[in-house]
Amino acid sequence: MSADEVHDPVAEEVKEPTKAEEVAKKIAERFPSASVEVKTNKWGRQRVWVRVPREDYKALMGFIKELDPEAHYSIGIEQDWGEELGFLAHLVIHYRDAPAVSLIVDVHAPKDDPVIPDISDIFPIALQFEREGMEMVGLDFEGAPDKRRLFLPEDFPEGIYPLRLDDKGISEEMVKNAGHPYLIKKGGKE
Amino acid sequence: MTEKVEYWVKIPFGPIHPGLEEPEKFILTLDGEKIVDVDVKLGYNLRGIQWIGLRRNYIQIMYLAERMCGICSFSHNHTYTRAVEEAAGIEVPERAEYIRVIIGELERIHSHLLNLGVLAHDIGYDTLLHLTWLAREKVMDTLEAVSGNRVNYSMVTIGGVRRDIDEKKRRAIEEMIKYYKEVFPQIEEAFLHDPTIEARFRDTAVISKRVALEQGAVGPTGRGSGIRDDARWSERLGVYPDLGIKPVMPQDVTGERPRGDVFDRMAVRIGELWQSLELIEHALDAMPDGPIKTFPKDNVLYAKLRLMVDGEGIGRYEAPRGELVHYVRGKKGSDKPLRWKPREPTFPNLFAVAKGVIGDQVADFVVAVASIDPCLSCTDRVAVVQDGKKKILTEKDLLRESIKKTREINPDIKGDPSPLGVGCVR
């Protein structure tokens with residue numbers, strides 16, 4: 001085979017789209033507002049990264065459930081992007097045959113209006129990640145059936161969000177001494 | 001006209017309770033002995049690890065991640081490392097992938113044996129607790145022989161593993177496999193065919209497939225309910241596909257359809273004990289020669305990571321308890337991640353079992369929680385045999401030894417780290 005033939009695009013073998021590419025195509029067709037990208041890592045593993053406006057977020061999650069009724073909601077990640085807050089979800093779909101499709105859905109909201117729709121009616125476990133997002137970065141999930149704190153204590157002050165990059169921290173008075181002698185010496189307030 | 005009165009009471013179960021090995025709180029709503037509703041409250045052991053992580057560099061977080069859990073320390077380190085490797089585009093040498101498989105499966109054996117013992121203990125069957133925990137010592141000794149530690153092995157690093165498996169270590173692993181091939185049939189017989197175990201575990205805390213899917217149940221909890229997924233298999237992770245990995249389902253062990261009860265979750269763990277032995281054997285045979293890490297020195301790795309991490313990465317791995325996910329987001333030029341979030345398998349499983357126990361007797365609650373294998377804390381004393389004499393080290397002895405070691409490492413240390421024992425909260 002000559003070098004010309006190797007680089008001839010017409011002669012190249014037409015590859016069947018992978019499961020991940022098919023899912024990406026379906027999402028891109030249904031949601032033109034979303035930006036969809038299939039990224040391949042160093043081990044050849046494909047992941048579908050979807051960035052969607054918050055108006056279409058709930059409809060997109062419903063569509064994923066339509067694509068695979070047994071879709072697995074794996075993690076919800078609350079994030080601080082500076083001017084915006086974000087919530088990123090990782091889902092695993094079509095896992096009955098390996099490899100499964102690894103799907104990441106990212107949605108953002110401005111810090112002065114940090115409202116994202118709740119999707120716990122589609123994926124019930126998402127509610128627990130949303131509760132974490134509300135207490136850790138101050139997102140508000142519109143319509144969430146349970147907005148109580150999950151990890152932080154009930155007496156944790158309002159308006160302080162530990163995982164925001166501009167986190168102010170809790171006041172000195174709130175630090176509870178565990179009885180360690182070094183801490184007592186350092187604090188020196190007894 | 002008589003009004004129907006419902007005698008429902010709410011009782012707190014935890015955060016500190018003799019039946020729970022770690023602090024977590026459940027508010028049980030009871031109708032007599034029957035559980036009507038369960039509310040879960042977490043955060044009693046929140047150490048702010050994500051917050052600390054934002055203030056540490058990528059290499060320091062490896063060791064921090066490992067300390068999230070003593071039982072699955074390899075799993076956390078490995079999954080975090082995968083996430084960073086994906087964000088930075090770093091490849092791993094093939095030999096390192098095989099070593100990762102071997103350590104991961106050794107960890108799975110020790111974790112499953114531990115949980116089987118805890119399950120037996122929770123129904124008062126301490127003979128089985130002693131049988132499984134005695135057997136577990138062998139894998140702990142093997143892990144110590146291979147890595148130098150019984151927990152927190154620090155075997156994985158970004159771009160490979162930190163220690164090789166030489167002939168001596170290989171012999172220790174092979175001896176362990178031989179030992180378990182004799183011991184596992186006894187454990188399997190005791191757990192799968194004992195009438196007491198069957199009476200307590202069958203149809204207890206049934207998590208239906210629908211509930212398991214809704215609550216995102218993972219690992220033996222998910223597979224026990226019929227969800228055919230295993231992150232090592234569905235992620236095509238490392239060299240696992242070459243070793244013939246398949247999810248272990250309850251029917252592979254019991255021969256019956258999954259019912260989603262405590263028995264099925266236990267059966268999956270027993271099946272995985274055998275699978276782990278097989279995987280270790282295959283990995284030892286197939287392991288090629290070659291380098292074990294991409295960057296031989298940590299200072300080179302540190303410098304490379306500053307330049308290479310630019311974007312996001314997801315690490316997925318099947319820890320003994322189920323699918324573990326770590327997410328890392330970084331920016332070129334910085335040695336710290338902008339976001340690092342782990343999700344450990346107990347999180348969704350707790351909510352799944354909270355739904356599963358509704359309708360059960362309150363007496364089954366401890367077994368139900370133990371069946372998802374929540375994390376445990378470890379030893380507070382050590383027995384040392386020296387010159388034929390046995391000595392029990394107390395808390396004060398441990399502190400004294402620790403201070404001695406600190407002074408050995410850094411003789412110039414300033415200040416007095418005593419008073420001995422005063423700092424310990426009882």
Side-chain angles (χ1 to χ4, degrees), chain A residues 39 41-45 47 49 69-82 86 88 90-92 94-102 104 106 120 123-129 131-132 135-136 146 148-154 156 162-163 165 167 169 178-183, chain B residues 39-44 46 48 50-51 54 82 85-86 88-92 97 209 211 213-218 222 227-231 233-238 241 245-246 311-314 316 323 325-327 329 338-339 341-343 347-348 350-352 355 417 419 422-425:
Chain A
K39 290 186 194 167
N41 69 18
K42 283 277 177 184
W43 308 290
R45 179 80 174 99
R47 298 192 199 283
W49 294 79
E70 296 195 0
H72 166 61
Y73 188 100
S74 153
I75 180 174
I77 303 156
E78 65 283 2
Q79 302 210 58
D80 184 350
W81 290 89
L88 186 144
H90 177 259
L91 297 108
V92 186
H94 300 317
Y95 53 77
R96 262 100 42 218
D97 308 304
V101 176
S102 172
I104 295 109
D106 192 8
S120 63
F123 293 102
I125 189 62
L127 176 65
Q128 313 305 337
F129 294 103
R131 284 171 71 187
E132 199 183 345
E135 63 185 356
M136 293 297 176
D146 185 357
R148 291 174 304 152
R149 288 194 170 122
L150 182 64
F151 287 109
L152 296 180
E154 297 302 326
F156 197 80
L163 293 182
L165 297 178
D167 157 47
H180 197 284
Y182 306 146
L183 288 182
Chain B
D39 188 20
V40 184
K41 170 76 185 154
L42 302 172
Y44 291 93
L46 187 73
Q50 288 182 64
W51 187 91
L54 295 178
R82 290 247 173 217
E85 283 163 358
E86 183 168 304
I90 295 172
E91 280 186 84
V92 181
E97 290 283 13
K209 191 175 177 183
V211 169
L213 283 168
E214 281 177 3
Q215 300 299 328
V218 290
I227 299 176
R228 194 177 161 74
D229 187 19
D230 183 317
W233 170 73
S234 64
E235 182 75 10
R236 288 258 175 102
L237 194 77
I245 184 80
K246 282 272 162 68
E312 301 160 282
I314 295 251
R316 270 184 84 221
E323 180 209 31
V325 186
H326 278 244
Y327 166 85
R329 170 164 66 91
L338 287 163
R339 186 77 173 99
K341 177 158 179 169
R343 195 275 286 141
F347 186 81
L350 266 180
F351 294 97
K355 298 272 176 206
V422 176
C424 301
V425 182

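Letters A, B, ... are given to chains in the order of the sequence lines, protein chains preceding strands, and every chain is numbered from 1. Note that this is a predicted model, so its numbers are computed, not measured.
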Heavy-atom distances under 4.5 Å only: say whether [X] touches chain B with side chain, backbone, both or neither.
X: A:E132; result: side chain
X: A:L152; result: both
X: A:V101; result: neither
X: A:D97; result: backbone

For this session: For A:R45 and B:E235, indicate whether the former's side chain and the latter's backbone hold a donor-acceptor pair under 3.5 Å.
Result: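 Side chain of A:R45 to backbone of B:E235: a pair is present.
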Exercise. Under 3.5 Å, is there a donor-acceptor pair between the side chain of B:D229 and the main chain of A:Y95?
Worked result: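 The answer is no, because no donor-acceptor pair under 3.5 Å joins these two groups.
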For this session: Please state whether the side chain, the backbone, both or neither of B:V92 comes within less than 4.5 Å of a heavy atom of chain A.
Result: both
Exercise. Is it the side chain or the backbone of B:L237 that comes within 4.5 Å of chain A heavy atoms, both, or neither?
Worked result: neither
Pick from [options]: which one has the most heavy-atom pairs with chain B under 4.5 Å?
options: A:L165, A:V92, A:I104; value: A:V92
options: A:S74, A:A100, A:P69; value: A:S74
options: A:G76, A:P124, A:S120; value: A:P124
options: A:R149, A:Q79, A:K39; value: A:Q79

For this session: Would you please name every residue forming a side-chain contact (heavy atoms from CB on, under 4.5 Å) with B:A231, sequence neighbours left out?
Result: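 Checked B:A231 against side-chain contact (heavy atoms from CB on, under 4.5 Å); matches are B:R316, B:E318, B:E323.
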Seminar exercise, completed: A:A71 meets the side-chain contact (heavy atoms from CB on, under 4.5 Å) criterion, sequence neighbours left out, with A:I64, A:D68, A:I93, A:F123
Problem set entry | Carboxylate-amine/guanidinium proximity below 4.0 Å for B:E312 and B:R339 | no
For this session: Would you mind checking if B:K341 and A:E78 are paired as a salt bridge, meaning a charged N to carboxylate O distance below 4.0 Å?
Result: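 Salt bridge between A:E78 and B:K341, a charged N being under 4.0 Å from a carboxylate O: yes.
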Exercise. For the candidates B:I314, B:V325, B:L338, which exhibits the highest count of non-hydrogen atom pairs separated by less than 4.5 Å from chain A?
Worked result: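 That would be B:I314.
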For this session: Select, from B:K209, B:E85, B:R329, B:E91, the one with the greatest count of heavy-atom pairs under 4.5 Å involving chain A.
Result: B:R329
For this session: Nearest 0.5 Å please: distance from the CD1 atom of A:I75 over to the CG atom of A:L88.
Result: 8.5 Å
For this session: May I ask you to check whether B:E214 and A:Y73 show a side-chain donor-acceptor distance below 3.5 Å?
Result: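 Checked: B:E214/A:Y73 side chains show no N/O donor-acceptor pair below 3.5 Å.
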